[in-house]
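Have a look at the structure below, then the notes.
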Protein chains: 2
Amino acid sequence: MAMKIQTRKEEIIAVASQLFKEKGYSAVSMRDIAQAMGIKAASLYNHITGKQEILSTLILEVAHEFTNGMREVLERQNSPLQKIQEIIELHIDITVNASEGLAALNNDWMHMEVSQVEAFVQMREDYEENFRKIIKEGIEVGEIQPRHPEVILFSILSTLRTLYLWYQKRGKLDVNVLKKDLVSVFLDGIVIKN
Amino acid sequence: MAMKIQTRKEEIIAVASQLFKEKGYSAVSMRDIAQAMGIKAASLYNHITGKQEILSTLILEVAHEFTNGMREVLERQNSPLQKIQEIIELHIDITVNASEGLAALNNDWMHMEVSQVEAFVQMREDYEENFRKIIKEGIEVGEIQPRHPEVILFSILSTLRTLYLWYQKRGKLDVNVLKKDLVSVFLDGIVIKN
DNA sequence: ACACAAAACTAACGTTTGTTAGTAAGGTTT
DNA sequence: AAACCTTACTAACAAACGTTAGTTTTGTGT
């Protein structure tokens, strides 16, 4: 369930995120956003300072959800395998609830202001480093197969990051089924052993 | 090893694909491309008919590599599991050899002409449908775990499609190690069974 | 009914966009 | 040396861009 829209600014960001998802940030004009809201472009500036603010608000909002989610996973101090399962579920939950911002986060982060790009890249690297440590720990304690950690990290993260492209297109796959199957694919693989 | 550049048109497309990868098609101007080549924007039009032609040439080139690769996989008539392994290797090979066009193919296909978008989407759907059939067949003959085929399809394909973002950033992972580990992650999973 | 703030409007600005026209420089063929 | 491509150039175009200024409409509280 999406959060109820309260302010006009949030409404603009919601409409814009939809358009960004379809065509990308650079291909969406302020006039496009305004038209989608039934107003004129100049009117947008009563609520926001500029186009870049729409983008960065949108991206940093979702980025913080990931950062907070990761912090909670680490705080619970479960086993590496359980942590990985929780991260998979975290991504699925965010995708289901905030899927609009994910396209911008994945594809348009480089169009924010320079200082914000730097902060974003740092956040993303920290996130990946946390994930990498969990995988390495799992290998060390013998829970995870001794594959190149980078390959495992990238396989899981790629899938989770592009989930938004896929969810809702394939008519309403149940969230819990998705969680179960996705965890199963990554943890157990797809092969049936004899 | 990238193919040696022969015509001036190919050179333009090579330079443009690099820029598209960094900022996206819409954020790259003809003047940007020209400057990267050390000439003026108007000079580009001696070799190409317009900006969209650069994009569609680039995208359709790579798309055909995938289509041809899939056809060869199907022709060899191996077992479903072997076919999946070959598809994974196909993507890795294309990523290593033609990584520049993959960003445009993934993110900017909607900026082609309408008729080309339609052709592209059809090609992509056919490709996915072929892959889906392989997975379903694998489940039927008992080679693959009875998970939702869509989840398996999407997991593998998401990873393969965004491989270009990772490869070469993570300093020169050996191609054969990558193939082996990636196949292993998807087929066998990451868990060590007792 | 009046005042005030929120949010819309029109009009315009300076840039940047993709692209075209016309032309000059260089190399190769005749 | 003349003719001819190829490929670059300058100059300019109309359209679209993000954004600002100033003004009018709309809704709410007094």
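Chain identifiers are assigned alphabetically (A, B, ...) following the order of the sequence lines, protein sequences preceding nucleic acid strands; residue numbering begins at 1 within each chain.
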Is there a donor in the side chain of B:Thr159 and an acceptor in the side chain of A:Thr159, or the other way round, less than 3.5 Å apart? yes
To the nearest Å, how far apart are A:His47 NE2 and C:dC9 P? 11 Å
Report the distance from atom CD1 of A:Ile12 to atom C1' of C:dA8, rounded to the nearest whole Å. 12 Å
Round to a whole Å and report the spacing from NZ of B:Lys51 to P of C:dT19. 8 Å
Over 12 foreign heavy atoms within 6.0 Å of CD, B:Glu22: yes
For B:Ile39 and C:dG26, what is the distance between atoms CD1 and P respectively, to the nearest whole Å? 16 Å
hydrophobic_cluster_shared for B:Ile152 and B:Val183, side chain cutoff 4.5 Å: yes
Students should find that the nucleotides of DNA chain D closing off the region near chain B, any atom under 4.0 angstrom from a heavy atom, are D:dT7 to D:dA12
Roughly, in whole Å, what's the span from CG in B:Asn46 to P in C:dA21? 13 Å
Nearest-Å distance for atom pair CD/P, residues B:Glu53 and C:dG18: 15 Å
For A:Lys180, is there any backbone N or O sitting under 3.5 Å from a side-chain donor or acceptor partner on A:Ser184? no
A side-chain contact here means heavy atoms from C-beta on lying under 4.5 Å apart; do B:Val114 and B:Glu118 qualify? yes
Given C:dA7, C:dT10, C:dT19, identify the nucleotide with an atom nearest to the side chain of A:Arg8. C:dA7
For B:Tyr25, does its backbone N or O pair with a side-chain atom of B:Lys51 as donor and acceptor, under 3.5 Å? yes
Hey, can you tell me if A:Phe66 and A:Tyr127 have their rings parallel, tilted or perpendicular (30° and 60° cut-offs)? perpendicular
Rounded to whole Å, how long is the line connecting atom CD of B:Glu113 with atom P of C:dG18? 16 Å
Close residues, residues 22-35 of chain A, relative to DNA chain D [heavy-atom separation under 4.0 Å]: A:Val28, A:Ser29, A:Met30, A:Arg31
So, A:Ser79 side chain and A:Gln82 main chain: donor-acceptor pair closer than 3.5 Å or not? yes
Grab the CE-P distance between A:Met37 and C:dA6 for me, whole Å please. 17 Å
Would B:Glu86 and B:Asn78 count as having a side-chain donor-acceptor pair, cut-off 3.5 Å? yes
